[in-house]
Chemist: 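Just dropping this structure here.
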Amino acid sequence: MQGENESYSGITELADAEQGLLNYYSNIVRLIVSGSLGNKGSINKKQILEFGAGTGFLSELIQDKYEVVVDCLEIDATLISILREKGFTTFSELESLQEKYDLVFSSNVLEHIEDDAQVLVDLKKNLKPNGLLVTYVPAFPILFSDLDRAVGHYRRYTRRELKMKLIQAGYEVDKIQYVDSLGFPASLLLRLMGYKSRGNIGGLASLRIYDKLIFPVSRLLDSLGLKHLIGKNLI
C-alpha cells in the first residue's frame, strides 16, 4: 500500500466494484473460507485479520454469513474512519497488532505495495503456528491496463512470481489457482479499448452486467477446470 500519509487512489473504483460485483465478491469470500478450513474445523473458532481491508466489505460478508469476528488493517485515513464507524477493530500498521491470527486474508492488496516481498515476510510474523495466509491478486501482466494505473497497481502477477515470493517469504504454498476465467478476455478487452472509454467499459453499469450475466458462467467454467489454466485473478 502507499505511504502512511497518502490517500488510496482507487476509492471511486472500489465503490463501483462493491455496488456492482456482489456475486464476484461473494465468490471471493467462498474461496477464502473454503481454503481456510481444510480439516481444521469451524471458521468461527478462528482469529481472523483482513489485511488492506478497504471499506470492510469482504469482512462484512464473512461476518454476516459465518458469524465470526474479523479484525481489519488499513492505512488510508478515510477508509479507517469507515471501518471504525462500522464497528471493526482496526489497526493502521502491522506493528500495532495485538495478537497473532489463525487466518490473514487480503483481496487485491499486494499489487498496491511496491515491496510486496517484505510485506509477505512481515505478515508471516503475525500468523500463529500453522496459521494461513489467503491472498487474492490480479493475474497476467499482459492484462495491465489503464484501470490498473488508475487504482495504483505496481503489477499483475504471474503464477510463478506469486508462488516464488511466497516461498521466499517462508510460506508453504498449499494451493494456488486462477479465478474468473472469463475475466481474462473481459480484462483484455478493457485494456484494448481503454478504461471507461467506448461503452464505459469498467464503469458501474458494465460491472453489474458482468456480475449478473457473465460471472456465473465464469465460475462454472472455473469449476470445470479452467481455474488451472487461466483467469483474471490468482488466489
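Throughout, numbering of the chain's residues begins at 1 and tracks the sequence. Side chains are part of it too, since the values below use all heavy atoms of this structure and drop only hydrogens, waters and symmetry mates.
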Chemist: For residues 228-235, run the donor-acceptor check on the side chains, cut-off 3.5 Å, and write out each pair with its distance to 0.1 Å, sequence neighbours left out.
Modeler:
from	atom 1	to	atom 2	distance (Å)
K232	NZ	Y24	OH	2.8
N233	OD1	Y24	OH	2.9
N233	OD1	Y136	OH	3.4
N233	ND2	N108	OD1	3.4
N233	ND2	V137	O	3.1

Chemist: Can you tell me if S145 uses its side chain to pair, donor with acceptor, with the backbone of R191 under 3.5 Å?
Modeler: no
Chemist: Please list, chain by chain and in numerical order, all residues satisfying salt bridge (charged side-chain N to carboxylate O under 4.0 Å, His left out) with E161, sequence neighbours excluded.
Modeler: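 Scan of E161 (salt bridge (charged side-chain N to carboxylate O under 4.0 Å, His left out), adjacent residues dropped) gives K165.
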Chemist: Which pair of heavy atoms, one from F51 and one from V109, lies closest together, and at what distance?
Modeler: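 So the minimum-distance heavy-atom pair works out to O-CG2, 3.5 Å.
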Chemist: Can you check whether P185's main-chain N or O pairs, donor with acceptor, with S187's side chain at less than 3.5 Å?
Modeler: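 No: the side chain of S187 does not pair with the backbone of P185.
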Chemist: Just jot down the side chain to side chain contact (heavy atoms under 4.5 Å, CB included) partners of I167, sequence neighbours excluded, or say none.
Modeler: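 If we apply the side chain to side chain contact (heavy atoms under 4.5 Å, CB included) test to I167, skipping adjacent residues, the hits are K163, V173.
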Chemist: Hey, is the main chain of E95 close enough, under 3.5 Å, to the side chain of E93 for a donor-acceptor pair?
Modeler: no
Chemist: Going by an N to O cut-off under 4.0 Å, is there a salt bridge joining D148 and R155?
Modeler: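 No, this pair does not count.
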Chemist: Taking side chain to side chain contact (heavy atoms under 4.5 Å, CB included) as the test, write out the residues that go with D174, two or more places apart.
Modeler: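 Partners of D174 by the side chain to side chain contact (heavy atoms under 4.5 Å, CB included) criterion come out as none, since no residue qualifies.
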Chemist: Taking a hydrophobic cluster as the set of Ile, Leu, Val, Met, Phe, Trp and Tyr residues connected by side-chain heavy atoms closer than 4.5 Å, whether directly or through intermediates, do F140 and F144 fall within one such cluster?
Modeler: no
Chemist: About how many Å separate OG1 of T55 and CG of L79, when rounded to the nearest 0.5 Å?
Modeler: 7.0 Å
Chemist: Would you say F91 and L94 are hydrophobically clustered, going by side-chain heavy atoms of ILVMFWY under 4.5 Å?
Modeler: yes
Chemist: With a 4.5 Å limit on heavy-atom distance, are the side chains of L127 and V104 in contact?
Modeler: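 They are in side-chain contact.
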Chemist: Which residue pairs pass the salt bridge (Lys or Arg N to Asp or Glu O under 4.0 Å) test when at least one of the two sits in residues 121-133, sequence neighbours left out?
Modeler: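 Matches after skipping sequence neighbours: D102-K128, D122-K125.
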Chemist: Closest heavy-atom contact between C72 and L83?
Modeler: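 What the structure gives for the nearest pair is SG-CD2, 4.0 Å.
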Chemist: Go through the steps to decide whether N27 and F215 satisfy the test side chain to side chain contact (heavy atoms under 4.5 Å, CB included), and finish with yes or no.
Modeler: CA-CA 10 Å; N27 188 59; F215 182 71; 3.6 Å; yes
Chemist: Using only atom types and a distance under 3.5 Å, with no angle test, would you say the side chain of R159 pairs donor to acceptor with the backbone of I176?
Modeler: yes
Chemist: Minimum heavy-atom separation for V134 to I32, with atom names?
Modeler: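 Closest approach of V134 to I32, heavy atoms only: CG1-CG1, 4.0 Å.
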Chemist: What closest approach, in Å, do D71 and E99 show between heavy atoms, and which atom pair accounts for it?
Modeler: OD2-OE2, 3.7 Å
Chemist: Would you name the heavy atoms of L220 and S223 that are closest together and state the gap between them?
Modeler: O-OG, 2.6 Å
Chemist: Quick one: does any side-chain atom of R156 pair with a main-chain N or O of A139 as donor and acceptor, under 3.5 Å?
Modeler: yes
Chemist: Is the closest side-chain heavy-atom distance between V69 and I48 below 4.5 Å?
Modeler: no
Chemist: Taking the side chain as every heavy atom from C-beta outward, state whether T158 and P141 have any pair of such atoms under 4.5 Å apart.
Modeler: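 Side-chain contact under 4.5 Å: yes.
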Chemist: Stepwise, does the side chain to side chain contact (heavy atoms under 4.5 Å, CB included) test hold for Q177 with L31?
Modeler: CA-CA 11 Å; Q177 67 185 55; L31 292 169; 4.2 Å; yes
Chemist: Is the closest basic N to carboxylate O distance between K86 and E60 below 4.0 Å?
Modeler: yes
Chemist: Residues in ring-ring contact (aromatic ring centres under 6.0 Å, His included) with Y210, at least two apart?
Modeler: none
Chemist: When you check the gap from the basic side-chain N to the acidic O, do R219 and D222 get nearer than 4.0 Å?
Modeler: no
Chemist: Could you measure the distance from the CG atom of L133 to the CG atom of N126? Nearest 0.5 Å is fine.
Modeler: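 The CG atom of L133 sits 11.0 Å away from the CG atom of N126.
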Chemist: Between L58 and F105, which heavy-atom pair has the shortest distance, and what is it?
Modeler: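 Smallest heavy-atom distance, with atoms named: CB-CE1, 4.2 Å.
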Chemist: Please confirm whether the ring centroid of Y178 lies under 6.0 Å from the ring centroid of F184.
Modeler: no
Chemist: In sequence, state the C-alpha distance, the side-chain angles, and the governing distance for Y25 and V29, and then conclude on side chain to side chain contact (heavy atoms under 4.5 Å, CB included).
Modeler: CA-CA 6 Å; Y25 279 113; V29 166; 5.9 Å; no
Chemist: Under a 3.5 Å distance rule, please check whether E114 uses its side chain to pair with a backbone N or O of Y154 as donor and acceptor.
Modeler: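 No, the answer is negative, given that no donor and acceptor are paired below the 3.5 Å cut-off.
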Chemist: Please confirm whether the backbone N or O of L120 pairs with a side-chain atom of Y171, one donor and one acceptor, at under 3.5 Å?
Modeler: yes
Chemist: Around K212, counting heavy atoms of other residues, nucleotides and ligands shown, do more than 12 lie under 6.0 Å from its NZ?
Modeler: no
Chemist: For the hydrophobic clusters of this structure (ILVMFWY residues joined by side-chain heavy atoms under 4.5 Å, transitively), does one cluster hold both F57 and V68?
Modeler: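 Linked within one cluster.
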Chemist: To the nearest 0.5 angstrom, please state how far the CG atom of L110 sits from the CG atom of L162.
Modeler: 7.5 Å
Chemist: Between L226 and V217, is there shared hydrophobic-cluster membership here, with clusters defined by ILVMFWY side-chain heavy atoms closer than 4.5 Å?
Modeler: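 L226 clusters together with V217.
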Chemist: Using a 3.5 Å distance criterion without hydrogens, assess whether the side chain of S26 forms a donor-acceptor pair with backbone atoms of L22.
Modeler: yes
Chemist: Is the backbone N or O of G54 less than 3.5 Å from a side-chain atom of E74, with the two atoms forming a donor-acceptor pair by type?
Modeler: yes
Chemist: Using 0.5 Å steps for rounding, measure from the NE2 atom of H112 to the CG atom of D76.
Modeler: 11.5 Å
Chemist: Let me see the working for T90 and L73 under side chain to side chain contact (heavy atoms under 4.5 Å, CB included), right down to the final yes or no.
Modeler: CA-CA 6 Å; T90 305; L73 189 146; over 6 Å; no
Chemist: I'd like to check Q63 versus F88 (side-chain heavy atoms, cut-off strictly below 4.5 Å). Are they in contact?
Modeler: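 Yes; the side chains approach each other to less than 4.5 Å.
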Chemist: Measure the spacing between CD of E172 and CG of L132 and express it to the nearest 0.5 Å.
Modeler: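 Rounded to the nearest 0.5 Å, the CD-CG separation comes out at 11.0 Å.
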Chemist: Give, for atom CD1 of I62 and atom CD of E50, the distance between the pair rounded to the nearest 0.5 Å.
Modeler: 7.0 Å
